Number of protein chains: 2
Amino acid sequence: MAALSTAVASGRKKRGEGHTRREEILQAAKELFLEEGYDATTIRRIADRVGVSAPALYLYFHDKEAMMLALCDQTFGRLIERITDIEKTVSDPLQRIRLFGDAYARFGLENPDEYRLVFIGNNIPESVRKVGHRMPIDDPTRPGVGGALVFSRLVAMLAQLEVSGVKLNYPPDTCAELCWMGIHGVVAAMIMKPEFPWSNREMLIKGMQEIVIKGILR
Amino acid sequence: MAALSTAVASGRKKRGEGHTRREEILQAAKELFLEEGYDATTIRRIADRVGVSAPALYLYFHDKEAMMLALCDQTFGRLIERITDIEKTVSDPLQRIRLFGDAYARFGLENPDEYRLVFIGNNIPESVRKVGHRMPIDDPTRPGVGGALVFSRLVAMLAQLEVSGVKLNYPPDTCAELCWMGIHGVVAAMIMKPEFPWSNREMLIKGMQEIVIKGILR
DNA sequence: ATTGATAACTTATCGTTGATAACCTATCTA
DNA sequence: TAGATAGGTTATCAACGATAAGTTATCAAT
């Protein structure tokens, strides 16, 4: 009767326990997104796995994309934790950036499905935002901007690097974007085209890291 | 009852003129994909613009994705032409690679849907290929392989660069992969996260290009 | 000139999808 | 013990991609 990894159809939640159901929905959505991709995952299948009717999901999320964005924030949060850990344990600015890239690439390659879900993503960010829909539970600050946090940390690292006396070839935020895009290119390529005969994985990761760091340093 | 803005609602095609209708469908699909994106474009709207019923499209294309892939091959043909043009007009191997990167990035950002379909490879079921569907006109050689062709040109360029006497930090294949991954990282990021406040686009493209070229040269 | 095959369509319809409206019902509180 | 409300449900919607089955124009061969 206890909760399993794939969720168990429990009865109606007690009065203040709606957030529990919300977590169950997120868990089921995460599993299905990873198993079959975003587009192939239907509202009804998520609801089935949770053990609840389909419209119940709309009590906790605005729409399907909102579930995806909530999951994005979760995964971004895990990465941010690791970045924070690096900042706490390492003082040298350049070494911090190296470890950032290493942790990022490792994170992506160790969790390829989640990486694909969050950083590559099958979702199409549509600029058209529907209005006039009551969303009583979701945070009014629309989720999905967790990526900005990661970048701000990298920007901060590069600003610190500049403060420490190192000259950069580009503004700190541009350096951060270039660093991230380089590493992201490696991770995304290896995840999305695993059958392609890439050359040595470690050489590519380390190589890209050397390349971007050497490239931004004057 | 006169011509629409783009396509003309003509009557039924004469006997051997089906390919004309096929071209009309591709043109309408291309316009709508560009105007509203791939997912937002519906079969019915394409059919409306052509001036034909929706099921008529299935006389010429297996499914919606087949239209996109046909357009991809068209569009990638233009990129391959551009690359060929670069190879014809520029002799310096390093300059060739620079122009390749520039043409590649520009192509990706100008054709995000095609780029996403081919290089990011969103949701391709792949293994499940429907059979028993009569598709009298479509080429039996399945389209969508333009991407590998483009990449192979870059590999050739880097091999030439090494032959010309330039010393590289990594094997030519690895260099090609690193170059492509860097530029791909820029393009993919901007396509998949267009709402993110990236810094100047030109600086990012040029910057990544400088970075990867400087990075692979000893 | 008529016939028969078939290319080039149409209309009608299917099963799913995301999403909404409107109605229940358990639980907590006053 | 009444009523407010959190936490659901069933019924239904319009739109989607795709298919089935019928219709009509155009050809070639009688």
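Owing to the predicted nature of the structure, the values given are computational and were not obtained by experimental measurement. Chain letters run A, B, ... following the sequence lines, proteins first, then strands; residues in each count from 1.
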Whole angstrom is fine here: how far is it from [atom1] in [X] over to [atom2] in [N]?
| X | N | atom1 | atom2 | result |
| --- | --- | --- | --- | --- |
| B:E24 | C:dC9 | CD | P | 9 Å |
| B:K64 | D:dT19 | NZ | C1' | 18 Å |
| A:L57 | D:dT9 | CG | P | 10 Å |
| B:L59 | D:dG22 | CG | C1' | 14 Å |
| A:H19 | D:dG7 | NE2 | P | 8 Å |
| A:F61 | D:dG8 | CZ | P | 13 Å |
| B:R44 | C:dA12 | CZ | P | 14 Å |
| A:D39 | D:dG17 | CG | C1' | 13 Å |

- prompt: A:S53 near the nucleic acid: base, sugar-phosphate alone, or nothing, with a heavy-atom cut-off under 4.0 Å?
  reply: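 Base contact - A:S53 has a heavy atom under 4.0 Å of at least one base atom.
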query: What nucleic acid atoms does B:T41 come within less than 4.0 Å of, heavy atoms only: base, sugar-phosphate, or nothing?
result: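 Contact class for B:T41: sugar-phosphate only.
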[X]: partners by side-chain hydrogen bond (donor to acceptor under 3.5 Å, both in side chains), with sequence neighbours left out:
| X | result |
| --- | --- |
| B:E114 | B:T75 |
| B:T42 | none |
| B:E23 | none |
| B:S199 | A:T174, A:E177 |

Quick one: which of [options] gets closest to the side chain of [X]?
| X | options | result |
| --- | --- | --- |
| B:T42 | D:dC16, C:dG18, D:dT19 | D:dC16 |
| B:Y60 | C:dT10, C:dG18, C:dA8 | C:dA8 |
| B:Y58 | D:dT9, D:dT19, C:dT17 | D:dT19 |

field: Given DNA chain D, 5'-ward residue of the pair A:A54 and A:G18, judged by closest heavy atom
entry: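 Its nearest nucleotide being more 5', the pick is A:G18.
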message: Check the orientation of B:Y38 and B:F33. Use parallel for under 30°, tilted for 30 to 60°, and perpendicular for over 60°.
response: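 Judged by the thresholds at 30° and 60°, the geometry between B:Y38 and B:F33 is tilted.
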Enumerate all atom pairs, one protein N or O and one N or O from nucleotides 26-30 of chain C, separated by less than 3.5 Å.
unit_1 : atom_1 : unit_2 : atom_2 : d
C:dT27 : O2     : A:R15  : NE     : 3.3
C:dT27 : O2     : A:R15  : NH2    : 3.3

- prompt: Who pairs with B:F107 by ring pair (Phe, Tyr, Trp, His ring centres under 6.0 Å), at least two apart in sequence or on another chain?
  reply: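 With neighbours one apart ignored, the set is B:F76.
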task: Applying side chain to side chain contact (heavy atoms under 4.5 Å, CB included), run through B:F100 and B:V150 and close with a yes or a no.
output: CA-CA 10 Å; B:F100 176 98; B:V150 170; 3.9 Å; yes
